[in-house]
Number of protein chains: 2
Amino acid sequence: MSRTLFDEAVALAPAGEGCWTGHTHPGWANMIGPFGGISAAALLHAVLLHPQRLGEPVSLTVNFAAAVADGPYELRARPARTNRSTQHWWVEMLQGGETVLTATAITAVRRDTFEMTEALAPVVPRPLDLPRSDPARVTWTRRYDLRVVEGEPPATWDASDSGHSRSLLWMRDDPHRPLDWLSLTALADVFIPRIWRRRATLVPLGTVTMTVYYHAGPQQLAETGTGFVLGQAQAQGFRAGYNDQAALLWNEAGTLLASSHQWMYYKE
Amino acid sequence: MSRTLFDEAVALAPAGEGCWTGHTHPGWANMIGPFGGISAAALLHAVLLHPQRLGEPVSLTVNFAAAVADGPYELRARPARTNRSTQHWWVEMLQGGETVLTATAITAVRRDTFEMTEALAPVVPRPLDLPRSDPARVTWTRRYDLRVVEGEPPATWDASDSGHSRSLLWMRDDPHRPLDWLSLTALADVFIPRIWRRRATLVPLGTVTMTVYYHAGPQQLAETGTGFVLGQAQAQGFRAGYNDQAALLWNEAGTLLASSHQWMYYKE
């Protein structure tokens, strides 16, 4: 496959043991700095590139300690503990010597076991039977083909209460790119903030921490290929400036690819 | 309030800048080593004791890198980034110089904002109208007064498929202890493993990572006091040796106290 803007944005250059340098990409600009999902993907990329890595990613928690500024960054990844079949990672993004993202990740050698999905994909129209959404005002949304089933973004910003914050939408990299753990990580952050969805009001906000559990292994990623991914997200509670978001991502065949959670800060 | 076995188990002695020592408590023994929830609580305790701490805990992710052995441990907590109203933490538990738990935490100064709960507490019998569960074979379960509404533990270990993995139960520290962030953290780990619940089979397993988002601030904790906490937990997917668990905890008044997620390893 040809290299896409996604690959460019998560590209890293080696800079010593467990260190890499990268650069924010103008094609992934958010309102301020880059889209959080692409930063999370770049961070996971450092783990995947590490010569001591054992196995494949099974979980990632990224904490957005400060706004990532447009420009260069440094990534540091180091195994905290390596077991027989699991490995625990400390990961950090720095800019100008200051920590901007902290993270922990787990990689593991996985084996076939009992499998079962309890969170079944909802029955919804097929992606190509839905209109493609117009890109939002922020650049990074042009990197995705989004087809909304429900509630994203609000039809009008009229401060009406939508009754709940659930969104459901089909998502695909544009241009097409076979799904991998990096792009799956970014997809888990594509949803608009739940407080905007619920209140139809553009209050200031930001993700403070995000976790992805990778249900998908190499086989499920390959089966997904360049197909659409169905994402569902909903807040469970809003209070004192913070709300959570519980998200699930399935492929077109209904295979659960990831479960993800965020905790967002908001004003007002 | 008098000091309980919970306080004893999370007690820490200062051991230099950002360092504390603690000791596993026989009253909180699990099958091997201590109950994971009490280790997570001890780890958060180090953050709360840190002289540079800003604000109250808003989130915690603990990674169980290795089995915690019965005996002494060292905790290290250090701010990775301190902003105007949020602070990001690296936290680590070591035994014999080796990392056994890694964690990141966020503390913050919270302010009153819009608030709303979407995940409403299910309508269930009151705790005192339900029988108290017999303690399980592991010691730490004696530290809780548990009253099961649904599905925990399976009535018989007969390898039957329960159809889903949801559990719903009332939980309270025994002896009574006013709820704080430490005990709330431990409560988020009280549920039996979802794979046992779903399959009624005691396969080997362990939590590899756990996240708690603290919806409760001081007011909600004070309102909960020594009352029961209703916990709901369900797996969304099981595959290739890992399953997630999505959990919610409310107080008796129906206030959402925490949302929590786990990712568990299992064999077979």
Side-chain angles (χ1 to χ4, degrees), chain A residues 58-59 61 63 65-66 80-81 83 86 88-90 92 98-100 102-104 106 108 110-119 161 164-166 195 198-199 203 208-209 211 213-217 220 234-244 246 248 256 259 261 263 265-268, chain B residues 58-59 61 63 65-66 80-81 83 86 88-90 92 98-100 102-104 106 108 110-119 161 164-166 195 198-199 203 208-209 211 213-217 220 234-244 246 248 256 259 261 263 265-268:
Chain A
V58 294
S59 79
T61 293
N63 306 291
R81 178 103 187 191
N83 300 310
T86 62
H88 286 253
W89 293 87
W90 296 113
E92 193 172 9
E98 296 281 312
T99 301
V100 291
T102 66
T104 55
I106 306 174
R110 300 182 73 166
R111 293 181 182 84
D112 284 344
T113 59
F114 166 83
E115 64 180 70
M116 176 70 71
T117 302
E118 295 205 5
D161 182 348
H164 65 76
S165 69
R166 190 176 60 251
I195 187 103
R198 174 75 199 233
R199 297 175 65 194
V203 298
V208 293
T209 180
T211 290
Y213 298 152
Y214 301 98
H215 295 253
Q220 291 77 32
Q234 184 159 9
Q236 302 176 113
F238 304 85
R239 186 187 297 132
Y242 288 84
N243 76 270
D244 61 358
L248 293 164
L256 183 62
S259 50
H261 310 96
W263 189 230
Y265 159 82
Y266 63 89
K267 270 192 177 165
E268 298 171 22
Chain B
V58 294
S59 79
T61 293
N63 305 291
R81 178 104 187 191
N83 300 311
T86 61
H88 286 254
W89 293 87
W90 296 113
E92 192 172 10
E98 297 281 313
T99 300
V100 292
T102 67
T104 54
I106 306 173
R110 301 182 74 167
R111 292 180 183 84
D112 284 344
T113 60
F114 166 83
E115 63 180 72
M116 176 70 70
T117 301
E118 295 205 5
D161 182 347
H164 64 75
S165 69
R166 191 176 60 252
I195 187 101
R198 174 75 199 233
R199 298 174 66 194
V203 297
V208 294
T209 180
T211 290
Y213 297 152
Y214 301 97
H215 295 254
Q220 291 77 31
Q234 183 159 10
Q236 302 177 111
F238 303 86
R239 187 187 296 133
Y242 288 84
N243 76 269
D244 62 358
L248 293 164
L256 183 62
S259 50
H261 311 96
W263 189 229
Y265 159 82
Y266 63 89
K267 271 192 176 164
E268 299 171 20

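By convention in this document, chain letters (A, B, ...) are assigned in the order of the sequence lines, proteins followed by strands, and residues within each chain are numbered from 1.
Your options are A80(B), S165(B), S59(B), A65(B), and the one with the most heavy-atom pairs under 4.5 Å with chain A is A65(B). Chain A forms the most heavy-atom pairs under 4.5 Å with one residue out of H164(B), R199(B), Q220(B), and that residue is R199(B). Here R110(A) is the residue among R198(A), R110(A), E115(A), Q234(A) with the most heavy-atom pairs under 4.5 Å with chain B. Contacts with chain B were tallied for D112(A), T211(A), T209(A); T209(A) has the most, counting heavy-atom pairs under 4.5 Å.
Within the model, atoms OG1 of T99(A) and CH2 of W90(B) stand 7.0 Å from one another, a figure rounded to the nearest 0.5 Å. Atom CG of D244(B) is separated from atom CZ of R239(B) by 10.5 Å, given to the nearest 0.5 angstrom. Distance CD1/I195(A) to NZ/K267(A): 14.0 Å, rounded to 0.5 Å. In this structure, CZ on R166(A) lies 9.0 Å from CD on E118(B), to the nearest 0.5 angstrom. In this structure, E92(A) CD and T104(A) OG1 are separated by 12.5 Å, a value rounded to the nearest 0.5 Å.
With a threshold of 4.5 angstrom between heavy atoms, T61(A) approaches chain B through side-chain atoms but not through N, CA, C or O. Proximity to chain B is limited to the side chain of D161(A), based on heavy atoms less than 4.5 angstrom apart. The contact between R111(B) and chain A is made entirely by backbone atoms, counting heavy-atom distances below 4.5 Å. For T117(B), the parts lying near chain A are the backbone and the side chain together; criterion is any non-hydrogen pair under 4.5 Å. Residue L256(A) touches chain B through both its backbone and its side chain, counting heavy-atom pairs closer than 4.5 Å. Looking at T86(B), only its side chain comes within 4.5 Å of chain A, counting heavy atoms on both sides. Only the side chain of R81(B) comes within less than 4.5 Å of a heavy atom in chain A; its backbone stays farther off. Proximity to chain A (any heavy atom under 4.5 Å) is shown, for E98(B), by both the backbone and the side chain. Heavy-atom distances place the backbone of Y214(B), and not its side chain, under 4.5 Å from chain A. Contacts between N63(B) and chain A at a heavy-atom distance below 4.5 Å involve backbone atoms as well as side-chain atoms.
Residues passing the side chain to side chain donor-acceptor pair (under 3.5 Å) test with W89(A) are Q87(A), T107(A), sequence neighbours excluded. Residues meeting the side chain to side chain donor-acceptor pair (under 3.5 Å) test with H261(A), sequence neighbours left out: H261(B).
Between H215(A) and the options W263(B), F238(B), Y242(B), a ring-ring contact (aromatic ring centres under 6.0 Å, His included) holds for only W263(B).
The two residues T113(A) and G241(B) make their nearest non-hydrogen contact at OG1-N, 2.9 Å.
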